[in-house]
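Naming convention: chains lettered A, B, ... in sequence-line order (proteins, then strands); numbering from 1 in each chain.
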2 protein chains.
Amino acid sequence: MTPVRRRTLEILLESHRAMGAYDVLERLSQDGYGNQPPVAYRALDFLVEQGLAHRLQRLNAFAACLSPDRDHAPAFLICRSCDRVAETDAPVLRAAFRETAAERGFKVERLTVEAVGLCPACGDGDDTGADA
Amino acid sequence: MTPVRRRTLEILLESHRAMGAYDVLERLSQDGYGNQPPVAYRALDFLVEQGLAHRLQRLNAFAACLSPDRDHAPAFLICRSCDRVAETDAPVLRAAFRETAAERGFKVERLTVEAVGLCPACGDGDDTGADA
DNA sequence: GGTTGACCTGTTACGTTATTACCTCCATGC
DNA sequence: GCATGGAGGTAATAACGTAACAGGTCAACC
Ligand SMILES: [Zn+2]
Ligand SMILES: [Zn+2]
Ligand SMILES: [Zn+2]
Ligand SMILES: [Zn+2]
């Protein structure tokens with residue numbers, strides 16, 4: 001864990017939401033680090049490899065892992081209204097899927113499970129979202 | 001269903017694999033249709049909305065649906081070696097996930113399930129893949 | 001001490017993917 | 001005729017991502 005990487009993780013943690021690589025990069029450069037894309041992508045890729053952050057395919061974005069300590073099988077709930085992302089663990093689901101795939105001869109190495117919908121705050125009778 | 005949209009679907013069907021929007025666009029323009037990105041993206045978005053095609057988030061690509069007739073809950077098996085994509089139905093998985101999400105107050109509207117790994121052809125003792 | 005090699009960071013330049021904005025055409029309904 | 005709205009064409013640009021190279025640090029090894 002180096003300064004850039006640590007700072008990158010802090011940025012993700014502070015934001016409490018998914019951030020694009022370029023958003024992270026802007027913060028990093030404000031803090032005196034490099035201002036070119038590879039700086040952010042390298043740090044983010046490292047964090048993802050280490051299980052300290054996750055990549056959200058549907059958003060082209062990254063978010064800090066909420067339980068980096070334990071080995072887990074994350075699934076994501078992405079609110080289309082307020083853009084907030086909830087990380088949840090779905091080990092049973094993943095095991096089941098892995099098995100289904102195995103029946104077809106497919107070896108699953110990485111599994112992406114991402115749901116888009118409405119979070120509790122945004123789904124309770126209003127569609128506008130709580131952007132805060 | 002209009003000419004561009006129909007042709008777009010044909011292109012996806014003919015290729016038997018996932019295609020990037022720009023690949024589709026190139027074929028469309030060869031056939032005398034527009035050669036600017038929105039032409040392809042609009043047609044592809046339409047097909048996805050209608051359930052005639054799917055979008056593969058991990059590949060930034062699109063593929064024709066293999067069973068567009070029935071309402072289904074697709075999951076994808078993406079081979080990292082030969083890039084082939086298999087579409088499979090996972091209704092149980094999705095129902096279970098929907099329920100898990102509901103417990104947390106989240107309303108799932110769209111669910112992405114994509115696995116990356118090795119297909120039967122590429123996993124049987126070799127890692128090189130059958131690119132054909 | 002000097003050299004080597006691994007690893008990290010910075011930068012240039014570029015490639016790929018996706019969207020915004022604006023315009024034309026044409027079918028529909030009045 | 002004339003609005004209306006969907007569809008497609010085009011230009012321009014935004015957003016996302018990577019390859020390739022240059023320098024710097026540090027520990028290992030001779
Ligand atoms: Zn996590
Ligand atoms: Zn919300
Ligand atoms: Zn399908
Ligand atoms: Zn394969």
Colleague: How long is the line joining CG of A:L44 and P of D:dT18, in whole Å?
Modeller: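 Answer to the nearest Å: 11 Å.
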
Colleague: Taking five pairs at each end of the helix from C:dG1-D:dC30 to C:dC30-D:dG1, what angle separates the two helix axes (nearest 10°)?
Modeller: 10°

Colleague: Counting only pairs under 3.5 Å, give me each side-chain donor-acceptor contact of residues 50-79 of chain A, with atom names and distances, residues two or more places apart or in other chains.
Modeller:
residue: A:H54; atom: NE2; partner: A:H72; partner atom: NE2; Å: 3.3
residue: A:H54; atom: NE2; partner: A:E87; partner atom: OE2; Å: 2.9
residue: A:R58; atom: NH1; partner: B:T112; partner atom: OG1; Å: 2.4
residue: A:R70; atom: NH1; partner: A:D89; partner atom: OD2; Å: 3.0
residue: A:H72; atom: ND1; partner: A:R70; partner atom: O; Å: 3.1
residue: A:H72; atom: NE2; partner: A:E87; partner atom: OE2; Å: 2.9

Colleague: Please, which pairs that meet side-chain hydrogen bond (donor to acceptor under 3.5 Å, both in side chains) have at least one residue in residues 91-105 of chain B, sequence neighbours excluded?
Modeller: A:T88-B:R104

Colleague: Under the side-chain contact (heavy atoms from CB on, under 4.5 Å) rule, what do B:C82 and B:C119 come out as? Steps first, then yes or no, please.
Modeller: CA-CA 8 Å; B:C82 67; B:C119 75; 3.8 Å; yes

Colleague: Taking CZ from A:R7 and P from C:dT9, how many angstroms apart are they, rounded to a whole number?
Modeller: 15 Å

Colleague: Does B:L12 form a side-chain contact (heavy atoms from CB on, under 4.5 Å) with B:M19? I'd like the steps, not just the answer.
Modeller: CA-CA 7 Å; B:L12 289 180; B:M19 296 181 75; 4.1 Å; yes

Colleague: Name all residues meeting the ring-ring contact (aromatic ring centres under 6.0 Å, His included) criterion together with B:F46; count only those two or more places apart in sequence or in a different chain, and write none if there are none.
Modeller: none

Colleague: Do side-chain atoms of A:K107 reach the backbone of B:G123 as a donor and acceptor pair under 3.5 angstrom?
Modeller: yes

Colleague: Could you state the atom-to-atom distance from CG of A:D31 to C1' of C:dG10 in whole Å?
Modeller: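 The answer, rounded to whole Å, is 16 Å.
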
Colleague: I'd like to compare against my own output: the B/S/- annotation of nucleotides 6-17 of chain D with a strict under-4.0 Å heavy-atom distance to protein.
Modeller: -SBBBB----BB

Colleague: Do the side chains of B:L118 and A:F106 join up, straight or via other hydrophobic residues, at under 4.5 Å, putting them in one cluster?
Modeller: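 Looking at the clustering, A:F106 is in a separate group from B:L118.
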
Colleague: Can you list, pair by pair, the side-chain donor-acceptor contacts under 3.5 Å of residues 21-44 of chain B, counting residues two or more places apart and other chains?
Modeller:
residue: B:D23; atom: OD2; partner: B:G20; partner atom: N; Å: 3.4
residue: B:S29; atom: OG; partner: B:E26; partner atom: O; Å: 3.0
residue: B:D31; atom: OD2; partner: B:R7; partner atom: NE; Å: 2.4
residue: B:D31; atom: OD2; partner: B:R7; partner atom: NH2; Å: 3.2

